[in-house]
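What follows is a single structure, written as structure tokens, with notes after it.
It should be emphasised that the depicted structure is a prediction, and the values quoted were computed from it without experimental measurement. Lettering of chains follows the sequences in order, A, B, ..., and the numbering in each one begins at 1. In what follows, every heavy atom counts, from backbone to side chain, and hydrogens, waters and symmetry copies are set aside.
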Number of protein chains: 2
Amino acid sequence: MTGEDNESVVKYLRPPGATLEDVADAAGVSLATASRCLNHPDSVRAEKRQRILDAVERLHYVPHGAARALASKRTRMIGAVLPSLDNALFGGALGPFQKTLAAAGYSVLIASSDYDPDLERTHIRNLLESGVEALLLVGALRDPAIYQLIDAKHIPYVLSWVYEKDQHHAYAGFDNIGAAIHLTDYLMMLGHRRFGVISGIIEDNDRAQLRLQGIRSALNGKSLDLDPDCVFERQFSVEDGREVFRLMMSMSKPPTAIVCGAAPFAYGALFEAAEMGVRVPDAVSVASFDDMWLAPHISPPLTAVRTPRREMGEQAARYLVAKLEGERVALPRALETKLIVRKSTGPAPFANLPGSPPPE
Amino acid sequence: MTGEDNESVVKYLRPPGATLEDVADAAGVSLATASRCLNHPDSVRAEKRQRILDAVERLHYVPHGAARALASKRTRMIGAVLPSLDNALFGGALGPFQKTLAAAGYSVLIASSDYDPDLERTHIRNLLESGVEALLLVGALRDPAIYQLIDAKHIPYVLSWVYEKDQHHAYAGFDNIGAAIHLTDYLMMLGHRRFGVISGIIEDNDRAQLRLQGIRSALNGKSLDLDPDCVFERQFSVEDGREVFRLMMSMSKPPTAIVCGAAPFAYGALFEAAEMGVRVPDAVSVASFDDMWLAPHISPPLTAVRTPRREMGEQAARYLVAKLEGERVALPRALETKLIVRKSTGPAPFANLPGSPPPE
DNA sequence: GTTTCTTTTGAAAGCGCTTTCATAATATTA
DNA sequence: TAATATTATGAAAGCGCTTTCAAAAGAAAC
């Protein structure tokens, strides 16, 4: 009686779900065989395999990930730390990243850093503790100690949204400077000489830094300078785009071309322009990074640099999987951006042609 | 020599990183004490604690999540399966969800189902195998076997974006029917009698089903019917919104009010209206679910039902954490939606007042 | 200085699985 | 049929950690 009682208590306290041992018992095979049956099906005789699979079914057996991970040293989890999750920007890479990985049998552990380096560091640490086998990060700019931390674990990682030719890291990204130069050159070709920039917060954000650097570099190439008064640093938001546009238009010498470091700024600028009655692109041209779904629909349609979000997600996933499967893979190559010219950019108002400097 | 050789080989083959045993040895304490030091710091004398913490630091010790999970039966991971990740809609809940959970020490494993029930099922299974301690899902409509699977694991879960008064599930959502009725009533109050609906694909999507049901119900309340020819089912996209708007406007008796099941449809309709020269709201009113950032900026500003995305994410997270911490928590209450009236809706063209049926 | 009551500690037993390694069963060849 | 080469199987040793339990150490009381 006592024994029975005790036994039932034990049963009650047992964690829910059958273990592989239960399956093995039910199928009348050893634990080892049961394990093999699930991991290397054709290393076990067909007849037993069936018995085991039946038992799995009957007992609703669900493998215990942690136990498996501990024994096999594989978690099949990959971590991703993104600056934010609530907009379509990083989601545009995360979705394809996750999809590609899922197809290869990996899960994704995510975290958002909110553009905060400390938070990012914490998340990376936690992901490492969770046993992720690889990491996806955004940008390259971070405390070297973080890279050491990752390297100490010998796990592969990819930096997205940026690209460098150096061999220090694996990048799944694009050339921000080049893209910014291309965009700026295009605007200069249209005769623009006085530029305004609405940038994301520069600190801790190398994408923003590089884009600004690219703009400056293109300008310098034509012996022009970027007026510091025309560079505004803001949190990404439509409202800030509106506000800065208003500020710029109220300057004694407003820019004739506004380059936005991110789409929301451009939308804000365009909305505000419409409201103020400022004609785009006649009075001022507006162009932006991150061609998003709205760009072709907004009025006027927005000239923007298409950033390869889907491609980054997929490339990063493919690279990491290849690495994890032990393949000898080359570092991913730079992804292409593309300048999509629409109606928000046009010739500079007073057609300052190259060679004929604007009247002072 | 051989011994040494062998030893060095062993060391080389060792997985990267120190184990807690290494830390214990380095600190001159037992494994048990080292473990306690990390989990219940004040159950170990201060002096030893310091020695252990120093060793942790010195050896760059990073806990092994799987081992910890296996021994403690806690993974501190929570799974989320969303229909999609690449837009701001679910991201708007996912971000706050993740943030709230991170603050409580939990990580989030995500997967996107692409609105595919089979894929969702697979992901749920995988998450369960990964050892998630709780789940966030979207909608309530799914194969009962899935709920059985989850229940068999005795883990809590929350269904978001929907809400039912029943006690079968925990919901972190809102009343789709009620919101649809409210919106439809508002439009009827403006005199609208002939409605068009652009809905997401109904199959497997209870949010879409409920919204449509709400619209019908409101109409029926006024003895009106929803003309089947005026209901269009499309994948969520701006383009489809445009296309359907065009179709509706070319009908012999076009609707005077268009209710969109999701924001992209409404944007598309508005863009197309502008392009076609159809005056909104004079000729036709457009309203939508999911008030998103663009709604107040688009022209005309969009009347929309604000869905409590942030609140859902936070509420879901709080509920799950409370459950996991063993607190006795009541099921979450329904979240409020709010009809944000803007300029895209107005009186029906021929001011069909209630009581005076439109001339046939 | 004892005795008694707390607080700290370490030994050891798993957690559920994978994976050697040696053995048993089967297939192949002579 | 015997000898040999394969292939399938099971026993057992962990993976790195948490946690019980009993013993040791320290504090408090006499």
Look at [X] together with [Y] and state whether they make a salt bridge at an N to O cut-off of under 4.0 Å.
X: A:Asp114; Y: B:Lys99; result: yes
X: A:Arg142; Y: A:Glu120; result: yes
X: A:Glu327; Y: A:Lys323; result: no

A:Arg68 side chain near C:dT18 phosphate (N/O to OP1/OP2, under 4.0 Å): yes
Phosphate contact (D:dT18 OP1 or OP2) by B:Ser35 side-chain N/O below 4.0 Å: yes
Can you check the [X] [atom1] to [N] [atom2] distance for me, whole Å?
X: A:Lys73; N: D:dG16; atom1: NZ; atom2: C1'; value: 8 Å
X: B:Leu70; N: D:dT18; atom1: CG; atom2: P; value: 11 Å
X: B:Glu21; N: D:dC15; atom1: CD; atom2: C1'; value: 12 Å
X: A:Arg74; N: C:dT19; atom1: CZ; atom2: P; value: 10 Å
X: A:Leu128; N: D:dG16; atom1: CG; atom2: P; value: 16 Å
X: B:Asp42; N: C:dT8; atom1: CG; atom2: P; value: 9 Å
X: B:His64; N: C:dG16; atom1: NE2; atom2: C1'; value: 14 Å
X: A:Asp25; N: D:dG10; atom1: CG; atom2: C1'; value: 13 Å

Among D:dC17, D:dT18, C:dT19, the one nearest B:Asn39 by side-chain distance: D:dT18
Aromatic plane relationship, A:Trp161 with A:Phe90 - under 30° parallel, 30 to 60° tilted, over 60° perpendicular: perpendicular
Could you run down the sub-3.5 Å N/O contacts of the protein with nucleotides 9-14 of chain C?
unit_1	atom_1	unit_2	atom_2	d
C:dT9	OP2	B:Arg45	N	3.1
C:dG10	OP2	B:Ser30	N	3.0
C:dG10	OP2	B:Ser30	OG	3.2
C:dG10	OP2	B:Thr33	OG1	2.5
C:dG10	N7	B:Arg36	NH2	2.7
C:dG10	O6	B:Arg36	NH1	3.1

Criterion side chain to side chain contact (heavy atoms under 4.5 Å, CB included) against B:Ile155, the qualifying member of B:Leu320, B:Leu127, B:Ile78, B:Leu135: B:Leu135
Donor-acceptor contact below 3.5 Å, side chain A:Asp166 vs main chain A:His168: yes
Flag, side chain of B:Thr100 to backbone of B:Pro96, donor-acceptor distance under 3.5 Å: yes
